[in-house]
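Right, I'll just put the structure down here and ask away after.
Owing to the predicted nature of the structure, the values given are computational and were not obtained by experimental measurement. Position 1 is the first residue of the sequence; numbering continues from there.
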Amino acid sequence: MNTKHKGDLAEQAVIFKALSQGWEVLIPVGDRLPYDIVIDTGGKLLKLQVKHAWFDKKSENYVVDTRRTKTNRRVMRRVLYTAADFDFAVVYIHELNVFYVFPVNVFISYGSEIHLIEAVKRQRKPRSSDFREAWHLIS
């Protein structure tokens, strides 16, 4: 699968999860906005940026880029998100069917990438573990 295909897969998984929570889902036209979907949680509209995490063999972690990729025919640029771009970032690990739900301020505080550690044998939990399946932050 290419990155667009993986992104589409992650978006559909988040849409399914949101609908399962009883939320309404709005899908913007095009992909030029800094968010991918909007959910209505019962009168409150929230913008979600959806990301697909990949497995990095070297670190043995799942990784997600916290930057926005802008491309044209010749150049690919990575741009940092701002707190005004969306309300929550939802990261999907397809192989595990696991979601991480990050408030925007937490997501953008990581810099360029987040390592999601799914190993059970660890001495201390990573900061990202607080956001594993944290759908309650949205509702």
Side-chain angles (χ1 to χ4, degrees):
M1 286 189 281
N2 65 33
T3 55
K4 281 284 194 185
H5 190 128
K6 290 176 184 178
D8 291 343
L9 183 71
E11 283 182 28
Q12 294 305 311
V14 171
I15 289 169
F16 180 78
K17 185 71 173 186
L19 291 171
S20 299
Q21 300 278 348
W23 301 328
E24 301 299 331
V25 178
L26 296 85
I27 302 171
V29 176
D31 62 356
R32 65 194 169 281
L33 297 170
Y35 54 90
D36 295 308
I37 64 174
V38 176
I39 58 170
D40 182 341
T41 62
K44 187 170 184 182
L45 299 178
L46 298 169
K47 299 176 285 187
L48 303 183
Q49 173 53 238
V50 178
K51 296 286 189 176
H52 185 279
W54 69 91
F55 188 74
D56 178 48
K57 291 178 185 175
K58 183 179 175 185
S59 67
E60 296 185 357
N61 297 327
Y62 288 91
V63 180
V64 64
D65 197 329
T66 60
R67 299 167 294 178
R68 183 176 183 188
T69 303
K70 291 184 174 185
T71 60
N72 64 26
R73 291 188 178 125
R74 295 182 198 103
V75 179
M76 181 173 90
R77 291 184 325 150
R78 300 214 187 261
V79 179
L80 295 174
Y81 287 104
T82 69
D85 287 336
F86 53 87
D87 300 301
F88 291 91
V90 180
V91 178
Y92 182 59
I93 301 175
H94 174 252
E95 296 82 358
L96 305 176
N97 195 32
V98 169
F99 299 90
Y100 283 78
V101 181
F102 294 96
V104 65
N105 288 330
V106 173
F107 187 77
I108 64 176
S109 73
Y110 276 90
S112 63
E113 60 185 32
I114 301 172
H115 287 255
L116 306 168
I117 302 166
E118 287 291 318
V120 278
K121 293 185 177 181
R122 255 187 91 76
Q123 288 185 315
R124 70 176 175 89
K125 286 185 174 182
R127 180 170 70 135
S128 61
S129 68
D130 293 339
F131 303 98
R132 189 179 195 276
E133 299 293 343
W135 294 100
H136 65 278
L137 296 175
I138 291 177
S139 57

Distance in Å, L9 CG paired with Q12 CD, rounded so as to fall on 0.5 Å steps: 8.5 Å
Residues forming a salt bridge (Lys or Arg N to Asp or Glu O under 4.0 Å) with D40, sequence neighbours excluded: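 Salt bridge (Lys or Arg N to Asp or Glu O under 4.0 Å) check on D40 returns nothing, list empty.
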Distance (rounded to the nearest 0.5 Å) between K51 NZ and D36 CG: 7.5 Å
I108-V101 co-clustered via ILVMFWY side chain contacts under 4.5 Å: yes
Residue pairs fulfilling salt bridge (Lys or Arg N to Asp or Glu O under 4.0 Å) with at least one residue in residues 98-119, sequence neighbours excluded: E118-R132
Beyond-backbone contact of V98 with Y92, side-chain heavy atoms, under 4.5 angstrom: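 No, their side chains stay 4.5 Å or more apart.
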Cluster check L80, V50: I/L/V/M/F/W/Y, side chain < 4.5 angstrom: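 Result: no, two separate clusters.
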Shortest non-hydrogen contact from H115 toward S128: O-OG, 3.6 Å
Which atom of P103 lies closest to which atom of F131, heavy atoms considered: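 Shortest heavy-atom contact: CD-CE2, 3.7 Å.
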Hydrophobic cluster identity match, V90 and W54, side-chain contacts under 4.5 Å: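 No, V90 does not connect to W54 through the hydrophobic network.
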Over 12 non-hydrogen atoms of neighbours within 6.0 angstrom of CD in Q21: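 Yes, CD of Q21 has more than 12 neighbouring heavy atoms, counting only those of other groups under 6.0 Å.
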Note, N2 side chain near H5 side chain (heavy atom, < 4.5 Å): yes
Shared-cluster residues of F16, by chain and number - hydrophobic side chains joined below 4.5 Å: none
Gap between atom CZ of F88 and atom CG of L137 - 0.5 Å precision: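 So the gap between those two atoms works out to 6.0 Å.
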Test log, rule side-chain contact (heavy atoms from CB on, under 4.5 Å), inputs K17 and F99: CA-CA 9 Å; K17 185 71 173 186; F99 299 90; 4.1 Å; yes
Check: Y62 and V64 side chains under 4.5 Å, non-hydrogen atoms: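 Counting from C-beta outward, V64 and Y62 never come under 4.5 Å.
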Shared hydrophobic cluster, F107 / V63 (ILVMFWY, side-chain heavy atoms < 4.5 Å):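 Different clusters: F107 never reaches V63 through Ile, Leu, Val, Met, Phe, Trp or Tyr contacts under 4.5 Å.
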Side chains of L48 and V14 in contact at under 4.5 Å (non-hydrogen atoms):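 Yes; the side chains approach each other to less than 4.5 Å.
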Geometric class of the W23/W135 ring pair [parallel <30°, tilted 30-60°, perpendicular >60°]: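 Answer is tilted, since the angle falls between 30° and 60°.
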Name of the residue among L26, L33, I39, V38 meeting side chain to side chain contact (heavy atoms under 4.5 Å, CB included) with K47: V38
Whether F86 and Y81 hold their rings parallel, tilted or perpendicular, with breakpoints at 30° and 60°: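 Aromatic pair F86/Y81 classed perpendicular.
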Closest heavy-atom pair and its distance - F102, V91: CE1-CG2, 3.9 Å
From D130 atom CG to Y100 atom OH, the distance as rounded to the nearest 0.5 Å: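 OH of Y100 is found 10.5 Å from CG of D130.
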Minimum heavy-atom distance between T82 and V104, given as atom pair plus value: O-CG2, 3.8 Å
Inter-residue atom distance H52.NE2 - I93.CD1, 0.5 Å rounding: 9.0 Å
OG on S129 to CD1 on I117, rounded to 0.5 Å: 8.5 Å
